[in-house]
2 protein chains.
Amino acid sequence: MPELLSRRELNKAATRQAITDAALTLLRAQGPGNFTVEDIAESAGISRRTFFNYFSSTEAALASMTHGFLDNALQQFRQRPADEPILESARAALMQLADPMTVAPLAELFTLTQDNAVLSRSELEAWDHCTEEIISAARERFAGTPGAVVDELYLRALAGSVISCGKAAMDVWFARCGADLSPASLAVLRQLLIDAMGHLGSGFGSPVPAAGPSATSTTATTHLNKERL
Amino acid sequence: MPELLSRRELNKAATRQAITDAALTLLRAQGPGNFTVEDIAESAGISRRTFFNYFSSTEAALASMTHGFLDNALQQFRQRPADEPILESARAALMQLADPMTVAPLAELFTLTQDNAVLSRSELEAWDHCTEEIISAARERFAGTPGAVVDELYLRALAGSVISCGKAAMDVWFARCGADLSPASLAVLRQLLIDAMGHLGSGFGSPVPAAGPSATSTTATTHLNKERL
DNA sequence: CATGAAATTACACTACGTGCAAGTTTGCAC
DNA sequence: GTGCAAACTTGCACGTAGTGTAATTTCATG
């Protein structure tokens, strides 16, 4: 009776989930750096060795949330029509992130680890990994148009900049709203993402975001400054 | 007889240098991950414990080169006139990197570590650290103009994008030219940096770099593709 | 149920990173 | 120079990370 997912795969998924849950619980309770892999394993009901069969480190286990978050955005990007301007595709993909269910784990993770060097390092790695995937996705898209010569520099500079803008928007949002997930807060995040992509699309011509033809960009970002960054 | 640098500081600088030299030598000889901190310490003529008084890990010792490299660029940025367009300042600062003496250590480090996860992680951290510093520098610059409201999102998105473009240019350059430090190769790097900043300044409007008013941008980047990335 | 593949586990081992308490070097005042 | 205090180095011990290996258990399939 072959189901969609075999027993083995279900077990693995459950174990994986148990590990990340246990890691997050311990992070909440003890704070970063105050618990060991053994603690996680015990809390997840597995052996220390099994933990390492799933993740190479504590940080990797926690960063899997960020990976899931970014994979979500990447999936959105891949589904955009190929003839759409690429910056518009990126904007639309990033917009999907301003969803309560999506950002919630990342927001908490951010607040819990923002002052921890070794953990933010894994976050960096996750963003970088996403950049590489965007490069692949964009390369495939351009390769679809026949006869086009793909400029590797263009791809990499673009993908890196898009990710940087997404990261900048989230950083500012976290600094401004903390872990607030209210509709108003998420609206701020959306506007920040729009504004950041607006800056990118207009070549960073002016610190005051010029309202694009399609974006009714209220200058919500220019009124607040001196945030805790 | 108080010299410019006291004996203590000279000794520390020498030890620090001995450590990084030893680490680089071992990296060349054994390859990444095939030597220990103890090996470095012995090669540098110090104890294992002393190594950790200077660097928190092997990767940190090696990443100090990248830090020096990027600090150089940052210094250039800070020296640009405050009324200059900020993207032009960034372009000028990045241009300083295309200097044989400056890129040589970084180029070698890159070729030696490009397929090593744990080492490139430290490189990422160095670039991120530089981003934060650029944000500070740019914030100070804008704060200089009286009455200006500093848009934190603009700052962070801009700094991140500039760094991403610099990184993209170096990545493409390494992929294309390897560790070649000939004048021709460095000219390629300069052109890549110019083109990347051109893309950024024009809002990534077209994959073909539009020759800016001041840049005689031959489209050197569009002819080659399928590089080993 | 029998059999083999896949996953978990215990165990051992190397290396990392740090606290601590010595010992050594340097700077400074007398 | 002598003495002293601060800075630096070193050895030691300890807990933890991460990995290889071999034995054991769990699952799928005939």
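Remember, it's a predicted structure, so these values are computed and weren't measured experimentally. Every chain is numbered from 1 and lettered A, B, ... according to where its sequence line falls, protein lines coming before strand lines.
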Output the rounded distance in Å from [atom1] ([X]) to [atom2] ([N]).
{"X": "A/I40", "N": "D/dA17", "atom1": "CD1", "atom2": "P", "value": "8 Å"}
{"X": "A/N53", "N": "C/dT9", "atom1": "CG", "atom2": "C1'", "value": "9 Å"}
{"X": "A/I46", "N": "D/dT25", "atom1": "CD1", "atom2": "P", "value": "19 Å"}
{"X": "A/F52", "N": "D/dG18", "atom1": "CZ", "atom2": "P", "value": "5 Å"}
{"X": "A/E9", "N": "C/dA7", "atom1": "CD", "atom2": "P", "value": "9 Å"}

So what does [X] touch, heavy atoms closer than 4.0 Å: a base, only the sugar-phosphate, or nothing?
{"X": "A/T50", "result": "base"}
{"X": "B/F51", "result": "nothing"}
{"X": "B/N11", "result": "sugar-phosphate"}
{"X": "B/R8", "result": "base"}

Residue mapping more 5' on DNA chain D - nearest nucleotide basis, B/R48 or B/T15: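 With B/T15 and B/R48 compared, the 5'-side residue is B/T15.
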Earlier contact from the 5' end, DNA chain D, for B/K12 and A/T58: B/K12
Phosphate OP1/OP2 of D/dC8: any B/Y54 side-chain N/O under 4.0 Å: no
Closer than 4.0 angstrom, basic N to acidic O: yes or no for [X] and [Y]?
{"X": "A/D128", "Y": "B/K167", "result": "yes"}
{"X": "B/R139", "Y": "B/E152", "result": "yes"}
{"X": "B/R48", "Y": "B/E38", "result": "no"}

Ring-face cation contact, A/F77 with A/R141, 6.0 Å cut, 45° max: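 Yes, A/R141 sits over the ring of A/F77.
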hbond_proxy B/R49 side chain to C/dG17 base (donor-acceptor, 3.5 Å cutoff): no
